[in-house]
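Down below is the structure, laid out as structure tokens.
Numbers here simply count residues along the sequence, with the first being 1. Heavy atoms only: backbone and side chains are in, while hydrogens, waters and symmetry mates are out.
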Amino acid sequence: MAAIARGSVVAVIGSGAMGSGIAQVAAAAGHQVKLFDTRAEAVSKAIADIGAVFDKLAEKGKMSAADADSARARLHGVNGLAQVADAALVVEAIVENLDVKRSLFADLEGIVADDAILATNTSSISVTAIAAKLRRPQRLVGMHFFNPVPLMALVEVISGVATDAAAAQAVYDTAAAWGKNPVHAKSTPGFIVNRVARPFYAEGWRLLNEQAADAATIDAVLREAGGFRMGPFELMDLIGHDVNFSVTQSVFNAYYNDPRFTPSVLQQEMVNAGFLGRKSGRGLYQYGADAAKPEPKTEALREKPEYVGYSLEAGANGALTQGMVDRLKQHGIAVTNRKSAEGHQHAEAPAFHCNGAAIYLTDGRTATRRAADNKHPDTIVYDLVFDAAASPRIAIAAADQCSQRAIDATIGMFQAAGFAVTRLDDVPGLAVMRTVAMLANEAADAVQQGVCSAAAADIAMQKGVNYPRGPLAWADTVGVKHIVTVLENLAQAYGEDRYRVSPLLRRKQASGAKIHA
């Protein structure tokens, strides 16, 4: 099979936000679109709304007036399933209920031609289960769009156990022809995005529960240091805590209570209280005309240290430190490489040193644990930043044994380099590093288990949830060895299977290879 030919009929069942968006994209791509809903008035409204969108796009010069008129003319409301008999592709976007979806596709099988492809936009139900009772289950494919459909580039093309590879490829090629970024995935709980994204929320809840900082500060660190479009709490407020918690529960239950996906008691309490986020007027933040978003905790200005030494090591970890060295130098800070007379690096490399402080990129240990291990009380760890040259914020944590002089010098050093400095409580792995490590770990497991390719995992997270970098590409940047070390230290600190290391990461660590060759 090839992509569904331009001009052929695409039927969309369901005229809600997802169905309307799919209909709009298909019509703009040149298909005759038949839109059906059990509520005839909903179809009429959807077609009118889509037509208005085309008019606005023409006004803004994003499509010609003629193309807008043609696209609008390709939209047809139908009042019965029998009228979609000529469809080459039927996309279902109805309620997330297995029995209802099965019933719909059973009806469609008796209406459309045997070579028509049936697609479900389900975000959480097994494609295998939906297809199980069909006469021709091999032609049912998951075609999971993201909301809002016209703007979001990702489409997860999901193959169930019975799905024919040619049918899945036809859906993939069709999505690509519609201007989307499709990725192939196997029908497993959460598919790619809803599975791999769980740690982004879960580690945020862990940090909040352990009082590393308040929600606004954690959000600022993930956003301004980690480069994420939104922090976990503001994003969950936008999604709705009831929806987000339900997805987490669904994935947790589907994986037979794997501790990786354990829901947060704090989020359960939010749902119990009715604090669902923006839609209820209150979540982690207050909403409304008079509501002010709290400011993140930022350290007051300290003096710039007169001297900063540094030591490096070979590999990705050393490269990250070099990026920080370059930023310090660009801001006029005198930075000296601490090599011995024989040219050897300091024993604990890579690291920075000023006013007695030893300052390390977090490896998953608390600063307190690292200070005890190194027998150096003035130990401080700093968090991963997305871009050493441009990230506006950095997070640090000091050992319980650390002197105020060393803390002040460290804060002053990073402030002199142009960072807003946030001091977190001394939690393992800080905020960005532990989140990135867990995202990479989950993505690696998805690849290891044949859910998707490494490239698909990264594309899905960038295009589906706007991550600044694919989690596996990020692991390559940080260094797989360091990611494994962080996870091992998190597992040791918490004593939980939640932080077990993916076998794929261990293989790459052992071979010294990157995930993306």
Side-chain angles (χ1 to χ4, degrees), residues 188-213 218 221-222 226 228 231-233 235-236 241 244-270 362-366 369 381 383-384 397 424-449 451 457 461 465 467 471-472 474-475 478 480-509:
T188 52
F191 308 143
I192 303 174
V193 170
N194 278 334
R195 172 185 176 170
V196 176
R198 292 346 299 155
F200 184 69
Y201 311 111
E203 295 309 308
W205 285 116
R206 279 281 175 114
L207 290 164
L208 190 65
N209 191 50
E210 294 170 21
Q211 303 182 75
I218 295 168
V221 170
L222 268 295
F228 291 93
F233 301 114
L235 180 54
M236 286 184 282
H241 288 280
N244 185 266
F245 185 70
S246 177
V247 172
T248 300
Q249 279 187 310
S250 174
V251 174
F252 179 62
N253 294 334
Y255 280 105
Y256 303 104
N257 298 357
D258 187 330
R260 268 273 171 83
F261 307 108
T262 303
S264 168
V265 173
L266 290 183
Q267 190 172 33
Q268 173 71 83
E269 285 291 271
M270 296 292 293
T362 177
D363 66 356
R365 286 178 287 177
T366 62
R369 177 72 266 163
V381 294
D383 207 353
L384 180 66
L424 300 177
D425 194 33
D426 190 21
V427 293
L430 298 180
V432 180
M433 182 65 86
R434 70 190 284 171
T435 299
V436 168
M438 285 295 282
L439 289 170
N441 202 36
E442 197 55 51
D445 261 0
V447 174
Q448 173 80 14
Q449 294 160 12
V451 175
M461 303 316 291
V465 280
Y467 284 5
L472 296 176
W474 216 334
V478 175
V480 173
K481 177 183 176 182
H482 193 75
I483 292 292
V484 170
T485 298
V486 169
L487 292 167
E488 288 175 337
N489 285 329
L490 286 168
Q492 183 175 22
Y494 290 107
E496 295 180 44
D497 190 51
R498 175 192 189 96
Y499 297 102
R500 67 185 184 274
V501 181
S502 168
L504 179 60
L505 292 182
R506 289 207 181 278
R507 281 177 55 193
K508 296 297 182 180
Q509 177 198 24

Subject >> With Val486 via side chain to side chain contact (heavy atoms under 4.5 Å, CB included) - residues at least two apart >> reply: Met433, Ala437, His482, Leu490
Original post:
Checking Asp426 side chain against Thr366 main chain: does a donor-acceptor pair fall under 3.5 Å?
Top reply: no
Original post:
Do the side chains of Leu207 and Arg434 get nearer than 4.5 Å, heavy atoms only?
Top reply: yes
**OP:** Kindly determine whether Gln211 and Asp425 satisfy side-chain contact (heavy atoms from CB on, under 4.5 Å), including the steps that lead there.
**Re:** CA-CA 7 Å; Gln211 303 182 75; Asp425 194 33; 5.6 Å; no
Subject >> Set of residues satisfying salt bridge (Lys or Arg N to Asp or Glu O under 4.0 Å) with respect to Arg498, sequence neighbours excluded >> reply: Glu203
Subject >> Side chain proximity check, Tyr494 to Arg206, heavy atoms < 4.5 angstrom >> reply: yes
Original post:
Side-chain contact, heavy-atom cut-off 4.5 Å: Arg260 with Asp445?
Top reply: yes
Original post:
Does CD belonging to Gln268 count more than 12 external heavy atoms closer than 6.0 Å?
Top reply: yes
Original post:
Of Tyr256, Phe252, Tyr255, which is the lone residue that meets ring pair (Phe, Tyr, Trp, His ring centres under 6.0 Å) with Phe261?
Top reply: Tyr255
Subject >> Minimum heavy-atom distance Pro471-Ala443, with the two atoms named >> reply: CG-CB, 4.0 Å
Original post:
Which pairs, with at least one residue in residues 188-197 and sequence neighbours excluded, count as a salt bridge (Lys or Arg N to Asp or Glu O under 4.0 Å)?
Top reply: Arg195-Glu442
Original post:
Taking the six-membered ring for Trp, are Phe200 and Phe228 parallel (under 30°), tilted (30 to 60°) or perpendicular (over 60°)?
Top reply: tilted
Original post:
How far apart are the C-alpha atoms of Leu505 and Leu487, what are their side-chain angles, what is the distance that settles it, and do they pass the side-chain contact (heavy atoms from CB on, under 4.5 Å) test?
Top reply: CA-CA 10 Å; Leu505 292 182; Leu487 292 167; 3.9 Å; yes
Subject >> Spatial distance of atom OG (Ser264) from atom CG (Leu208) [nearest 0.5 Å] >> reply: 8.0 Å
Original post:
Got a second to check how far Thr485's OG1 is from Asp363's CG, nearest 0.5 Å?
Top reply: 7.0 Å
Subject >> Distance-minimising heavy-atom pair for Thr362 and Gly429 >> reply: OG1-CA, 3.6 Å
**OP:** Starting at CE of Met270, measure out to CZ of Phe233 and round the result to the nearest 0.5 Å.
**Re:** 9.5 Å
Subject >> Atom of Ala213, atom of Ile218 and distance for their closest heavy-atom approach >> reply: O-CD1, 3.5 Å
Original post:
Taking atom CG of Asn441 and atom CD of Gln448, what is their separation to the nearest 0.5 Å?
Top reply: 11.0 Å
**OP:** Measure the CG-CH2 distance between Leu384 and Trp474 for me, rounded to the nearest 0.5 Å.
**Re:** 6.0 Å
Original post:
Just wondering, do Asn244 and Tyr201 contact through their side chains at under 4.5 Å, heavy atoms?
Top reply: yes
Original post:
Are side-chain heavy atoms of Pro428 and Asn489 found at a separation under 4.5 Å?
Top reply: no
Original post:
At what distance, to the nearest 0.5 angstrom, does CG of Asn209 lie from CD of Gln267?
Top reply: 12.5 Å
Subject >> Pair Arg500 + Asp258: basic N to acidic O under 4.0 Å >> reply: yes
Subject >> Residue pair Arg198 / Met438, side-chain heavy-atom distance below 4.5 Å >> reply: no
**OP:** Report yes if the side chains of Leu430 and Val221 come closer than 4.5 Å at any heavy-atom pair, otherwise no.
**Re:** no
Original post:
Below 4.5 Å, heavy atoms only, C-beta onward: do Met236 and Trp205 meet side chain to side chain?
Top reply: yes
Original post:
Which atom names give the shortest non-hydrogen contact between Ala457 and Leu472, and what distance separates them?
Top reply: CB-CD1, 4.2 Å
